[in-house]
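Chain letters run A, B, ... following the sequence lines, proteins first, then strands; residues in each count from 1.
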2 protein chains.
Amino acid sequence: MNTDKHPQSLNKEDYLSHIAFDSVIFGFNGKDLKILILEYHNTGLFALPGGFVRRNESLAEAVTKGVEERTGIDDLYLEQFQTFGGLNRSDSKAMEQILEMNGLDIKANEWLLDRFISIAYYALINFEEVNPIPDPLADSIEWYSLDELPPLMMDHEEIVHKALETLRENLDKKLLGMNLLPAKFTMKELQNAYEKITGETFKRTAFQRRMLATKNLVRHEKLFTGGAHRAPYLYSFKIK
Amino acid sequence: MNTDKHPQSLNKEDYLSHIAFDSVIFGFNGKDLKILILEYHNTGLFALPGGFVRRNESLAEAVTKGVEERTGIDDLYLEQFQTFGGLNRSDSKAMEQILEMNGLDIKANEWLLDRFISIAYYALINFEEVNPIPDPLADSIEWYSLDELPPLMMDHEEIVHKALETLRENLDKKLLGMNLLPAKFTMKELQNAYEKITGETFKRTAFQRRMLATKNLVRHEKLFTGGAHRAPYLYSFKIK
DNA sequence: TGTTATTGTAACAGTTTGTTACAATAATAC
DNA sequence: GTATTATTGTAACAAACTGTTACAATAACA
C-alpha cells in the first residue's frame, strides 16, 4: 500500500475482515436537505463516506475517526441506525477499479474485495459551518440534494433511504436541535427544515405553537435583515 | 469439529470472521415479561441465543435460521435493533471453556476466540405456543423474567437493556400485536402486557378507550371462564 | 334471589390541536 | 412623514383527545 498517498494503512492484519461502516451526513442549507457523497478518482463511482474497523479500536471509535478523516469534518455526532448484510452488498469489480485508479496493488489488498457487512450511521450537521475535504482515495466530496443523488455504489441508495426514514421517526425526539440549523434561526427556517425532512407541510400558527410548547427553544433578539414586514425573532435550542 | 454432536459445522472457512449475532426473544406469560437465555454445558455461563454468518447467506437469513436452530422455535419475526462493537465484547476464556466442555478442539476453532462484532435482534413470541429446545452446545434454554436474569456473558446484559428500550419505543407503532399475546386475549391481558413492557401503569377506562380508538382490535365472543363477575370480551389484532 | 367482583360505557372536565382572525411591525414607495 | 405591503406573533374559538368519575351490566357463587 502506498503510504505516501495514503497515510492510513490498509493492511489486512490491522483490520477486522468483513466489517465496514458507512455514513449518511445530512445538512440543511435553508432550502434543501442534502447529504455528503464521495466520488472516487477516475471511476465515476459515487459512495457514502465509509471505512473499516481496526482490531484495536471499538466500532464507535472507528466510525467517528473514520468519518472525520474522510469528510474533513470534526465533532460529528453519529448515530447508528442499521446494519446491512445482504449478499448483494459487495461489488469486487468496483473495488478493484477504485484500487487500480488510486495506484494500489490489488493482490495486496485482496481482502477489500471480499464480502462486507456494513454498520450504517447518520449525522446531522450545520451546513454553513463545515467545509468537507475529500480523503486521498476520493476525487471530491459534495453535498447532494436528496432528490438529485447520483447513482450510488452497491446498496448505498438503500442505506440513504433507510437513514432518511430513521431521521423522520426521530425528528421530534431529540435530533433536529443538534446540528442541522445555525445556532440561531427563525421559526420559518425551523419549519422549512421540518417540512423538508418529513415531506409534509404544516400550518404556520400550529407549528409555531407546537414548537414553543416543547420548551426547547430560547427566544433571542429579532432579525432585521428581512423584507418589508414585521421582523421575526431568532431562536436557539435549549441545551438539556 | 465433532459433527456427530454438532451437525452445524463451524469451519472457519464457511463463516464470515469477526461477525456474530445475538437475539433477545421476548415472551409474555400473562404476568411477566420474559426472555430466553441459554446455559452452556458445565460452565455456568449464560448467554443470549446467537450465532455466526455463513459466507453464502445474508445476515438476515443467518439470523432467522440460526436463532430457530438454537431455540427450537419456528417462524420468528426478528427485528434488528443495534450492532455492538465495543472492545469489551469478547471473552476468549469463556469461549474456550464452552468449546472445552463440549469436547471441541480449541486450536481448530481458534477463530471463535477472536474479537466479534455482534448484530442484535429481538423478537416477540407467544409464550404459550412455543416449546424452546436447546441446541447441542447448550445445556438448557429457559425463560427468565427480566428482573430475575442470571449474570450474562460479555455485554449481553447491555444488549438486553437496549432491546427492552427499543421495544418500549416501538410498542405503539406496530409491534405488540405481532406475537406477544395469544391469538385472542382480553383487554386486561393487553393492559398487563403494556404495563409490564413499559413499566408504567394505566387507568383501565382510558386504556380501553385508547386501544379501541386505534381500530386495530377486533372484538370476538365473551370469555366465560372467569370469576363471579361480568365476562370480558376477547379481542384479536386486525391484520393490516 | 341476592351478593360480589369486574367489565363496558357514558358523562363531564381539562388539555391539546386545528383554524381563523387580526393587530404589530419592518422595509419600501410616495 | 405617511401609506402600503408582506410577514410575524398571538389571541380566540371550535374540534378532537385524555383523564377521571360514575354507574349499569353482567357471570359465578352462596
Side-chain angles (χ1 to χ4, degrees), chain A residues 28-31 168-169 171-174 176-177 181-238, chain B residues 28-31 168-169 171-174 176-177 181-238:
Chain A
F28 184 67
N29 70 349
K31 252 186 66 181
R168 282 177 178 157
E169 283 169 11
L171 191 50
D172 277 322
K173 284 184 198 156
K174 50 182 165 179
L176 187 54
L181 290 167
K184 291 182 182 178
F185 48 85
T186 64
M187 196 58 77
K188 191 173 198 65
E189 289 174 314
L190 182 61
Q191 185 174 345
N192 279 342
Y194 260 83
E195 292 185 343
K196 284 295 173 178
I197 292 171
T198 61
E200 298 172 67
T201 57
F202 304 103
K203 297 276 174 183
R204 179 182 63 89
T205 54
F207 180 82
Q208 173 137 337
R209 187 178 43 191
R210 182 157 65 93
M211 288 298 123
L212 292 175
T214 63
K215 307 287 182 196
N216 287 335
L217 295 180
V218 185
R219 179 176 283 180
H220 301 280
E221 72 281 4
K222 290 187 179 185
L223 173 69
F224 288 97
T225 65
H229 52 74
R230 182 172 182 171
Y233 287 106
L234 287 170
Y235 297 88
S236 66
F237 289 102
K238 211 174 275 179
Chain B
F28 184 69
N29 69 350
K31 255 186 65 182
R168 282 177 178 158
E169 283 170 10
L171 192 49
D172 278 321
K173 284 186 199 155
K174 50 183 166 178
L176 187 54
L181 290 167
K184 293 182 182 177
F185 47 85
T186 65
M187 196 57 78
K188 191 171 196 66
E189 290 175 313
L190 182 61
Q191 185 174 346
N192 279 341
Y194 260 82
E195 292 185 343
K196 285 294 173 177
I197 293 171
T198 61
E200 298 172 66
T201 58
F202 304 103
K203 297 277 174 182
R204 180 181 62 90
T205 55
F207 180 81
Q208 175 136 334
R209 187 178 44 194
R210 182 158 66 93
M211 287 299 122
L212 293 176
T214 64
K215 305 289 182 195
N216 287 336
L217 294 180
V218 185
R219 179 177 283 182
H220 301 281
E221 73 281 4
K222 290 188 177 184
L223 174 68
F224 288 98
T225 65
H229 52 74
R230 182 172 183 171
Y233 286 106
L234 287 169
Y235 298 87
S236 67
F237 290 103
K238 212 174 275 179

Mind checking ring-ring contact (aromatic ring centres under 6.0 Å, His included) for A:F185 and listing every partner two or more places apart, or none if nothing turns up?
A:F237
Under the rule for side chain to side chain contact (heavy atoms under 4.5 Å, CB included), what residues qualify as partners of B:R219, not counting sequence neighbours?
B:L212, B:Y233, B:Y235
Nucleotide [N], atom [atom2] - distance to [atom1] of [X] in whole Å:
X      : N      : atom1 : atom2 : answer
A:Y233 : D:dT7  : OH    : C1'   : 14 Å
A:L190 : D:dT8  : CG    : C1'   : 15 Å
B:E221 : D:dT26 : CD    : P     : 17 Å
B:E189 : C:dT6  : CD    : P     : 15 Å
A:K203 : D:dA15 : NZ    : P     : 16 Å
A:L234 : D:dG9  : CG    : C1'   : 14 Å
B:R204 : C:dA5  : CZ    : C1'   : 11 Å
B:N192 : C:dT7  : CG    : C1'   : 14 Å

Pair pattern of DNA chain D in dot-bracket, where unpaired bases get dots and | marks partners in another strand, Watson-Crick or G-U under 3.5 angstrom
||||||||||||||||||||||||||||||
Quick one: side chain to side chain donor-acceptor pair (under 3.5 Å) partners of A:S236, sequence neighbours excluded?
A:H220
Residues in side chain to side chain donor-acceptor pair (under 3.5 Å) contact with B:R209, at least two apart in sequence or another chain
none
How far apart are the closest heavy atoms of A:L217 and A:K238, and which atoms are they?
O-CE, 4.1 Å
Pairs: protein N or O with nucleotides 3-6 of chain D N or O, under 3.5 Å:
from, atom 1, to, atom 2, distance (Å)
D:dT5, O2, A:A228, O, 3.0
D:dA6, N3, A:A228, O, 3.2

Name all pairs fulfilling the salt bridge (charged side-chain N to carboxylate O under 4.0 Å, His left out) condition that reach into residues 185-206 of chain B, sequence neighbours left out, sorted by first residue then second.
B:D32-B:K196
From B:N29 atom CG to B:N192 atom CG, the distance as rounded to the nearest 0.5 Å
10.0 Å
For A:R210, check salt bridge (Lys or Arg N to Asp or Glu O under 4.0 Å) against everything at least two apart and list the hits.
A:D172
Residues of residues 205-215 of chain B with any non-hydrogen atom less than 4.0 angstrom from an atom of DNA chain C: list those, numerically ordered, please.
B:T205, B:Q208, B:R209
